[in-house]
Amino acid sequence: MNIQWYPGHMTKTRRMIAEQIKHMDAVCEILDARIPISSRNPDVDELTAGKPRLVVLNRVDQADPDSTAKWASYFKGKGYAVLESDAKSGQGTARFAAAVRELLEDKIRAYEEKGQNRVIRVMILGIPNVGKSTFINKIAGRKTAKTEDRPGVTRAKQWVPIDKNLELLDTPGILWPKFEDQSVGLNLAYTGAVKDDILDTETLGCHLMAYLGQRYPQALSAAYKLPDIPEREEEENDIAWGYRLLETAGRKRGFLISGGDVDTERMAKILLDEFRSGKLGRFTLELPEGV
Ligand code: G4P
């Protein structure tokens with residue numbers, strides 16, 4: 001589902017989280033491993049203050065494994081439990097219950113010592129497109145189709161049993177990413193979380209080419225059979241260099257228009273499609289600070 005902007009709906013969602021959080025033992029935040037910061041909701045820290053946290057780095061099959069390892073240690077360094085998951089194939093998801101129990105080890109032991117057999121409750125949060133529904137369906141072993149979150153349609157909060165002592169609270173409503181930041185907007189657009197009409201395809205393609213050209217030049221040259229990726233000029237910004245890369249790749253593919261110019265619009269669309277489908281390779285679009 002693409003993200004759309006409904007401020008009133010967001011307020012309602014925030015309110016629901018604030019009301020429910022006191023009943024929770026832990027919070028599970030699902031992130032897109034390719035963009036672990038851009039796919040965070042900026043209010044989660046404040047809304048869930050103090051609760052033990054499990055971060056799910058989902059879509060690891062699409063992310064660069066070295067970067068995923070860096071993100072995992074970054075979040076562990078914050079005291080969070082981390083689970084790496086590919087919810088589509090199910091890889092990693094079976095460890096969910098064990099990861100929650102490990103995170104809450106002391107609390108569970110205290111319950112046991114008091115002879116209490118309490119059900120552990122975990123609130124699950126994630127912005128659209130991180131794979132939240134797929135993840136929940138996998139860990140709950142259910143096949144139900146996803147319920148659409150739509151403004152005006154009230155969906156009751158959903159308790160999802162995982163096993164006899166573990167329940168998830170799937171919060172209705174939509175959590176938004178931090179839209180104001182341009183790089184966040186770009187990252188969400190590359191991964192398809194926001195509609196392409198937020199930026200025109202060619203501009204998006206230029207930015208993505210420049211990023212890949214800088215961080216993953218070998219993958220780019222292999223994918224588009226470019227023996228020589230044009231060097232970035234000293235004064236050249238992302239758009240200008242990315243445009244030259246689009247032209248080079250488009251020419252190689254034979255995407256020409258009248259007059260022998262390259263159809264860069266078409267090349268940009270292909271680039272985005274191939275990036276999203278994973279055909280280009282596994283990429284992570286942001287790294288923890290200082291790495
Ligand atoms: P959401 O609730 O967070 O909005 O996301 P949802 O689970 O609906 O997932 C969005 C799309 O991402 C789905 O693909 C889903 O299969 C895919 N997806 C979820 N997790 C992963 C993952 O870890 N790896 C990969 N590669 N894909 C993942 P779709 O094309 O919309 O549907 P489908 O045809 O795959 O069912």
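One-based numbering, in listed order, for ligands and for the atoms of each. Nothing fancy with the numbering, it's 1 onward along the sequence.
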**OP:** Output all residues satisfying side-chain hydrogen bond (donor to acceptor under 3.5 Å, both in side chains) with S89, sequence neighbours left out; order by chain, then residue number.
**Re:** D86
**OP:** Share the residues that join V119 in a hydrophobic cluster, the rule being Ile, Leu, Val, Met, Phe, Trp or Tyr side chains under 4.5 Å apart at the heavy-atom level.
**Re:** none
Original post:
Which atoms of ligand 1 are found less than 4.0 Å from any heavy atom of A87?
Top reply: 20 (N), 22 (C), 23 (O)
Subject >> Note: R109-E105 ion pair, threshold 4.0 Å (strictly below) >> reply: yes
Subject >> Check: P128 N/O within less than 3.5 Å of ligand 1 N/O >> reply: no
Subject >> Of the listed options T134, N58, V56, closest to atom 9 (O) of ligand 1 (non-hydrogen atoms) >> reply: T134
Original post:
Are R34 and W71 in a cation-pi contact, defined as NZ or CZ under 6.0 Å from the six-membered ring centre and within 45° of the axis?
Top reply: no
**OP:** Indicate yes or no: does an N/O atom of F135 lie under 3.5 Å from an N/O atom of ligand 1?
**Re:** no
Original post:
Side chain, backbone, both or neither: which part of D86 comes within less than 4.0 Å of ligand 1 when only heavy atoms are counted?
Top reply: both
**OP:** Carefully, step by step, assess I21 and V27 under the rule side chain to side chain contact (heavy atoms under 4.5 Å, CB included).
**Re:** CA-CA 8 Å; I21 194 73; V27 171; 3.6 Å; yes
Original post:
Is there a donor-acceptor contact under 3.5 Å from the side chain of T284 to the main chain of D64?
Top reply: yes
**OP:** In plain terms, say whether E29 and K78 are close enough for a salt bridge, that is, a side-chain N and a carboxylate O under 4.0 Å apart.
**Re:** no
Original post:
Out of R34, K88, R59, whose heavy atom sits nearest atom 10 (C) of ligand 1?
Top reply: R59
Subject >> Heavy-atom nearest option to atom 24 (N) of ligand 1, drawn from N129, D61, V130 >> reply: D61
Original post:
Between A63, G131, G92, which one has a non-hydrogen atom sitting closest to atom 5 (O) of ligand 1?
Top reply: G131
Original post:
Under 3.5 Å, N or O to N or O, is V60 touching ligand 1 that way?
Top reply: no
Subject >> Residue-ligand contact G126/ligand 1, heavy atom below 4.0 Å >> reply: no
Subject >> Ring centroid separation F96 to F135 under 6.0 Å >> reply: yes
**OP:** Would you mind running through ligand 1 and noting each atom that sits below 4.0 Å from a heavy atom of Q62?
**Re:** 25 (C), 26 (N)
